[in-house]
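Computation of the quantities below employed the complete heavy-atom set of this structure, encompassing side-chain atoms and omitting hydrogens, waters and symmetry-equivalent molecules. Only a predicted model underlies this, so the values are computations on that prediction, with no experimental measurement involved. Chain letters run A, B, ... following the sequence lines, proteins first, then strands; residues in each count from 1.
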Amino acid sequence: MIYKVITKKEFKKFVNGLINSNETFGPRQVNTAKDGKPIYQFKEVHSFDEMELDYTLSYSSLKNFFLPFREVLSRYNFTDDNWEQEIEYRVNPRVIVGVRACDINALCKLDDIFVNGSFPSPYYIARRNNTFLIGMDHLPMDDCFCMSMGELVVRQGFNLFCTDLGDRYYLSINSSKAFNFLRNVKTTDPTDKDDRQWLERRNLIKRSFNTTVDTSSLPNLLDIEFDSPIWEKWGDKCLNCGTCAMVCPTCYCYGIEESIDVSLKSSRRERFQHSCTVVDFAEVAGGHNFRPSKEARLKYRYYHHYHGFAENADEQICVGCNRCGRNCLAGINPKDVIDDLLMEKTDEV
Amino acid sequence: MKVNMKIDVHHVCRVEGHGDIHIKVKDGKLLEAQWAVVETPRFFEAMLRGQPYDLAPTLSSRICGICSITHTLASLRAVERAMDVKIPPAARHLRLLAKHAETLQSHILHVFFLAAPDFLGVPSVIPLIKTNPEVVGLAARLKGLANDICDLVAGRTIHPVSLIVGGVSKAPEKEQLEAIKKRLGERLPDMQATVDLFKTIDIPDFVRETEYISLKGDNDYPYIGGDMVSTDGVVKHEDDYLAMTNEYKEDFTTSKFARLSRESMAVGALARFNNNYKFLHQEAKEAAKELGLQPVNHNPFMNNVAQVVESLNAMLDCIDVIDQLLDMKLNNIRSKFKVRAGTGVAAVEAPRGILYHDYTIDDTGHVTRANCIIPTTQNNANIHFDLADLTEWALAQGKNDQEITLLSEMLVRAYDPCISCSVH
Amino acid sequence: MKYLGIDPQKIKIGVFNFTCCEGCALALANKEETLVDFLDLLDVVTFREISSDRGEDYDIALVEGSISRDDEIERIKKIRAQAKVLVALGTCACYGGVNNLKNQFKIEEVVEIAYGKDKVETSKVRPLSDVVKVDLEIPGCPVSKAEVEKIVVDIVNQSEINFPEYPVCVECRRNMNTCVFDLGMICLGPITQAGCDAVCPNGGVGCLGCRGPAEDANYESFREILEENGFTMQEALERINFYNALPGMVIDES
Amino acid sequence: MKYKLPKEDINLKPFMSKPPRYNWKDVIMRTDKTYKCEIINIIELTPMEKLFHLKILDPVERDIFSFRPGQFLMLEVPGFGEVPISISSSSNNKEYIALCIRKAGRVTDILHKAKKGAKVGIRGPFGTSFPMEEMIGHNILLIAGGLGLAPLRAPLYWISEHRDEYEDVSLLYGTKDPPSMLFTYEYAEWEKVNHIDLLTIVDQGDDGWTGRTGLITELFKEMTIDPDNTFAIVCGPPIMFKFVCNYLDSIRLPMNRMFVSLERRMHCGMGKCCRCMVGSTFTCVDGPVFDYWSVMNLKEAI
Ligand SMILES: Cc1cc2nc3c(=O)[nH]c(=O)nc-3n(C[C@H](O)[C@H](O)[C@H](O)COP(=O)(O)OP(=O)(O)OC[C@H]3O[C@@H](n4cnc5c(N)ncnc54)[C@H](O)[C@@H]3O)c2cc1C
Ligand code: SF4
Ligand code: SF4
Ligand code: SF4
């Protein structure tokens, strides 16, 4: 990693340069919630000023850029009594500006699964390799708990990371591509003062967290508490609407759907983002459902997120952005559920 | 030679809804010519009672599948006038864009899918896919474009979703508008081809003096709100719509009849054309000239031609509206308002003629009384009386009963009646 | 499919309408980019709205609209007798749809409101399945053409037909909409079966539940959500009753 | 001033030039490419089950495809879907792959309508297998219920081909009624040629049935099992292996010598879609063959 400092004015020039020659995405306000708070999403931008870099958190996560909610994996072209499979991993190069640390860490977890896992996904890799990622640090929202998940600091998974120092950004440069681009604008080496300010900013962010979740003993606790009544309590609320998984930056479970085109000349094999809380997730032919109750499905989501899977080295895959909790209509919030689990145990002792 | 005829067409095809034609001729003399609507009424005026103001437009939309956007717009306008809601300019433009697109969509559907098979001598558009693929392609491209505009602006072509009280709930991105504008430009040659196609079509030169009623334009070809005007010189304010329609009921039909200065009246593309010719785009005027249509025209079959002219005009209007939208900020699309009691009337030009919605709303925002007068209702009497004249005209030319049956069906179709609408 | 040694069969269809706006039948003529291919899969025997051909030998009857007059019962029974498969097309046919709002009044009252003193024959509104056996229900107000296409392709290929079991929210979130609850409006998406690609929330308004209940819908929890979000039960009921498609969602008015 | 991001387009770099090898983890990139197969034979076993013989068309791919007993593959019917199916033929058979498929839903239904000569695709093989080498020198107890016989055919072939390496081999097979018995035409060969003790039983007999009736656990009464020298493989509906495994456990057969094959919904076979998760274990990668100790430790397994 190489560190540099850039003025905000120069940074704007830099980003406008990227925008001019690439498809670029950045945070933009799309709506205003009923409580007056702005709602942001990553959308295509055509100039630096369209972006709102002091945004709080994007409403949906960034994962759809890499795992689109729906994508065609392959097509089959039918001839008279035969077919040919056609696979394409086409992705245009693109830039995403202003990504939060937790979202970058979420991508690193997806990397573990789709790049470093046993069967790497070429679709994911194509998207990941063709994306230039500029991260940016932010103050947490009231209910963020990424510090508890250890996801506050990023070390990899981005090209460039900006720490806000008032009128300048402290740049962590993590790829030669980023370094090369930066040659075209004016950057300086960090001074002692810059380093100090950088540390202050770090500490400020740390101090700003209002929500903590104790996850240290969760993997074991989830095993022990498998039959706990708290699952029924929260399960009864669950709508099985899949919202939590759709907004989550790391939920990646999916389904495959094949459909024949109306012309009967070809068919599409599509992957679509699924959710383990949705009713047919574990249903098999003949109608048997391995997780027939709301409770079982909700429990499974927590199990997956906080117990971990062999496939990603048993690491917890939640990054603590709390999008799921914030967006859950039924008010199921990971902090409350986990606190309940811990309480259960302490009550019994 | 003494001619005897008994023509009974049960459920005239290629029209929206169910209607029958009955014609009796004895000894060469017309005994009876009847246009009977047999559609099952749905009683929207009753169903609207008790609906909250925001669901009333959603419900009204279901009066008709073809012109659901117009019904929504009329209902919105009635609610907004009742509660004194002003809508932001961008929202007004977006609504107008949806309106133009629907006009285009509906006219193309009618002239190509419903009326054209008659002129080309086939039972429906389906065989044309094989015999005249270029005609079907033309229609599909134009209608596809119109539908895409509706989808973009209103969320859906049939039963729009994002037209709401106070404005619209979602604005398209400017890039999307630009893309649509580009496509509109690319489709203009298709529209010209349509005009050329209609130049080759033989239209029966039947004429019956008629009073044509439409909205009265001030600066533009009128679509939403304003005064009503008739070719007999009557002008009335939007709120006086009852005096403009004078509904009455005949026993043989489930739809009501309407009249103004004469025994019957007509609304629709031809009526708008006759009353507002001067507001058409220059290109549309030229197309009208090429097609032999000049105001004031009294041949009901020419309604199809007027629809072609209006389609071209609607495309040009779409481009104009998009240009204006591109110059605006699209973030203020929905105004805040207070629910309050009141009565509101809306007159909106549906593809088939003026549509009136009239609601009374109480202080909780619920509809307590609703009245809707549908274009086809206003045309029904005219179709009925046209049928008699048409039969006599055809008899005089020595046409046989098959020809008269076809002519009478074509006449009904020329009005592009929307029957389920009319017995809403 | 030919590559499996199975010949796709053109299906002989008849399209019929009862009490409705005919929007569902019209939806069949939309989606121009695939319209020609779509019509190619069908042998349209009867479709009064677009064709003057009136055959009687259809195998599959697509029926839109609900039943609201006695002569309609005779007509639907005749269609049932002829059709091998009777498909209820749209919410009106499947659940009664908006027409159902009529049933909250007395029949005489309804006639009086719309026609004054004139006499008009009409009866209570019923879905098709109240009168005849229905083989397949495709809900939606109007139906989604994309879904109908998929179903027709499946029938042509003699394959099983699947509907999504999950609620509209899944599709809505996939489209990255702002949840309309966050905007202060009611949405019935969490309890409504998906398949429409969440068109209503896409357009920024709440779902009204036209596609009927999702599998295992959590009415209880949904009711609490409505309360917590400060909606009165009347507001909620006005939406739930709009299409009459969520029969399980009964709300205590007390 | 304009900066350009060099278009490092991944599409321009070919991922691989050779066909994929699903069982070679390091070279896999095109994880969604299927091997095209022709259905060269269809045998109707019962009204609900058919045996399909699939021949991989490309000779290179045919050569690469090798599997171990107990593994499964993803069978692709283009346009209809992809389903996991256990391989029911000998791992030595390079000519064709046999799949015994029950008509159960969308994909299997259309497959049952398919004619000889149809082209389908396969990906795989995937998953764990039975420890055939470990079992050498031991008695083997194969216990199958209903369609559970399909995944047992591969180990059966293996055993027959290496018959002298194993001691006593018994096959216990139960179905709900006589017509649902699979592979009846092969029983004589298994018994006479391969020296396998075959015991069958049905829940409900019919007029022509002279054999045993009752639950599959009844068969244990007719035999003695040496818990110190026996491996067991159990395949069948969950309820069956619950009873069977409980019995074997009660006679002290060590849990790590009992093997079961689990079934879950699957959409990828590669540990990605998560549909087949049991607790925090993938049925497709860590299974489908598990020893009973692992199963006991899986949450929500049975
Ligand atoms: C490891 C393994 C081995 C199997 N071996 C055999 C076999 O040898 N013979 C046999 O007849 N069946 C076998 N099955 C079951 C077979 O996969 C299902 O019957 C089949 O997937 C049903 O698909 P469908 O499309 O016909 O049913 P639908 O109900 O229409 O299923 C739709 C989709 O759901 C998934 N799905 C549904 N049921 C199952 C299921 N039980 N397992 C996995 N995915 C499912 C599939 O992806 C399928 O495409 C096996 C399953 C597993 C997991
Ligand atoms: S907080 Fe929720 S949404 Fe965010 S990563 Fe964790 S599980 Fe996913
Ligand atoms: S808008 Fe409606 S459908 Fe979408 S997430 Fe919210 S509740 Fe669900
Ligand atoms: S969002 Fe709801 S009301 Fe709208 S079409 Fe879908 S199911 Fe129907």
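- Applying the 6.0 Å contact sphere to CD of C:Glu220 captures no more than 12 heavy atoms from other residues, nucleotides or ligands.
- At a 4.5 Å heavy-atom cutoff, the contact between D:Val120 and chain C is made by side-chain atoms alone.
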Under 3.5 Å donor-acceptor pairs involving side-chain atoms of residues 33-41 of chain C, not counting sequence neighbours:
unit_1: C:Thr34; atom_1: OG1; unit_2: C:Lys31; atom_2: O; d: 3.4
unit_1: C:Thr34; atom_1: OG1; unit_2: C:Glu149; atom_2: OE2; d: 2.5

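- For residues 5-16 of chain C, a heavy-atom distance under 4.5 Å to chain D picks out C:Gly5, C:Ile6, given by residue number.
- In this structure, OH on C:Tyr3 lies 13.0 Å from NZ on D:Lys115, to the nearest 0.5 angstrom.
- Taking 4.5 Å as the limit, some side-chain heavy atom of C:Asp154 sits within range of a side-chain heavy atom of D:Arg106.
- The number of heavy-atom neighbours closer than 6.0 Å to NZ of D:Lys94, taken from other residues, nucleotides and ligands shown, is above 12.
- Considering every non-hydrogen atom in both C:Gln158 and D:Lys113, the closest pair reads O-NZ, 2.7 Å.
- Rounded to the nearest 0.5 angstrom, C:Leu4 CG and D:Lys119 NZ are separated by 10.0 Å.
- For D:Phe243, the CZ atom counts as loosely surrounded, since its 6.0 Å shell holds 12 or fewer non-hydrogen atoms of other residues, nucleotides or ligands.
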